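Quick caveat: nothing in here was measured; it's all calculated off a predicted structure. Throughout, a chain's letter reflects where its sequence line sits, starting with A, and its residues are numbered from 1.
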Amino acid sequence: MDVDTRNMTPTNLIDKIVVPGDVVLDLTKMENQTIKLGSGLRQDYDCISVMQAGKLRLSKPNKYWVESSQKRYVPSLEDTVLGIVVEHRSDNFLVDIKAPNLAFLPVLAFEGGTRRNIPKFETGTLIYARVVKANGIMNPELSCTDASGKAAEFGQLKNGYMFETSTGLARMLLSSPTCPVLEALGKKISFETAVGFNGRVWVNASSPDDVILVSNAIMRSEFLSGTQQRIMAEKLLQRLEKV
Amino acid sequence: MVGMVIERDSVGEEGDDVVTPGEFLGEATEFIAGKGAYVSPNGRSVRACLTGRRKVTAAPPGSHDNRSTIEIVGHKAHGAVPQPGSIVIARVTKVMARNASADIMCVDSKAVKEKFSGIIRQQDVRATEIDKVDMYQSFRPGDIVRALVLSLGDARAYYLSTAKNELGVVSAQSISGGTMVPISWTEMQCPLTGQIEQRKVAKVD
């Protein structure tokens with residue numbers, strides 16, 4: 001197999017919008033290759049077809065997936081999410097993360113967690129946690145520590161304001177380099193945010209005006225380009241200065 | 001010339017009347033209690049314990065006890081009921097972190113007439129390394145498994161075990177919908193896509 005054909009991507013739909021039923025790869029033309037399929041794609045005998053509407057992405061060398069934005073969240077491993085405690089059982093908390101099932105957060109999954117210092121989370125507590133077990137069949141499992149057992153930033157989020165967004169906006173807010181709207185707001189206001197892959201955003205700032213302004217700016221920025229986001233943020237900030 | 005003795009037909013006579021539980025059937029000196037009948041506590045009478053028609057079977061010739069046997073027939077035939085020690089075929093309905101629920105469909109190759117629930121606990125999935133068992137890599141909902149009934153369990157479900165080579169997943173469908181082929185005691189392969197999935201596979205001869 002000469003090098004040139006191997007470097008050509010076998011499909012011209014990368015970064016384009018695809019809908020369910022589209023065939024994106026023909027496996028008979030790609031021999032001796034290993035392809036990794038992410039979410040939204042499925043193998044149909046000899047071709048790879050799309051299951052979910054969205055943008056087809058490729059991560060070199062061989063990982064394909066469909067990026068889509070929706071209101072509900074499908075848990076996947078190592079995602080950081082914002083959950084709301086629904087119930088306290090004997091060995092885990094039941095947490096709502098906008099997924100088809102409630103998630104379990106073991107009472108010992110905290111830094112230095114022992115049976116004696118179980119945190120007292122009431123119903124309605126907002127938690128920032130990490131998904132440690134997610135298959136489509138069982139309830140997902142969360143943890144409030146990072147892989148090495150330290151608390152990192154996980155745990156209860158106090159004060160502030162939480163609102164829900166689509167998963168696409170959450171991913172945009174978490175992308176690097178910093179999302180333009182957050183950068184523009186950060187120049188004038190000091191605030192902190194926690195963004196969950198499950199479409200929940202928490203904002204905290206020193207005054208309620210700032211919290212409202214930042215939240216509105218984020219909610220409006222979903223379908224704006226980078227420049228539009230900066231202009232929108234600056235217009236909102238001017239309102240603050242006028243008052 | 002050998003004289004042939006025609007044996008009396010061992011199919012007994014059936015009465016027409018319906019008997020109910022507790023009804024007196026005969027003296028214990030004349031009859032043996034068969035299926036559906038019992039000897040009363042004072043040891044003297046044979047009574048019915050099911051509803052049906054009485055049937056008298058003559059004692060087989062040559063036995064030292066020449067009392068006839070009374071049994072009750074014509075009652076609704078009960079389906080199979082799982083007993084501890086019987087091999088059952090069950091369909092997995094739910095897989096959770098520490099156990100999997102299954103609906104028992106056959107007991108010892110006879111289909112059941114009513115629904116029985118079974119539970120396979122994490123420690124009963126296999127015989128080795130029972131604390132490292134991942135339920136998701138052993139069963140999926142919809143799998144057909146062959147299991148052994150350990151005990152009557154609790155009020156909700158029988159306790160089942162697949163901790164033997166010949167117990168485990170017998171038939172399973174892959175994510176793509178094809179019926180998978182076992183390739184080892186932990187893996188099955190889909191014939192449509194070639195993908196390998198993990199199960200606790202039964203060794204079928």
### Task
State whether the number of non-hydrogen atoms from other residues, nucleotides or ligands found under 6.0 Å of A:Glu122 atom CD is greater than 12.
no

### Message
Heavy-atom pairs under 4.5 Å with chain A - which of B:Pro141, B:Ser176, B:Gly177 has more of them than the others?
### Response
B:Pro141

### Summary
Residues passing the side chain to side chain donor-acceptor pair (under 3.5 Å) test with A:Asp22, sequence neighbours excluded, are none

### Query
Roughly how far, to the nearest 0.5 Å, is the CE atom of A:Met138 from the CE atom of B:Met135?
8.0 Å

### Task
Taking all non-hydrogen atoms of both residues into account, name the closest pair between A:Lys133 and B:Ala97 and its distance.
NZ-CB, 4.5 Å

### Task
Check whether more than 12 heavy atoms from other residues, nucleotides or ligands sit under 6.0 Å from atom CZ of A:Arg171, and answer yes or no.
yes

### Task
I would like to know whether B:Tyr136 and A:Ile137 meet side-chain contact (heavy atoms from CB on, under 4.5 Å); could you show each step before the answer?
CA-CA 8 Å; B:Tyr136 185 66; A:Ile137 295 170; 3.4 Å; yes

### Flag if over 12 foreign heavy atoms under 6.0 Å of CD, A:Glu153
no

### Query
How many angstroms lie between atom CG of B:Leu192 and atom CD of A:Gln43, to the nearest 0.5 angstrom?
9.0 Å

### Message
Nearest 0.5 Å, please: how far is OG1 in B:Thr193 from OH in A:Tyr45?
### Response
9.5 Å

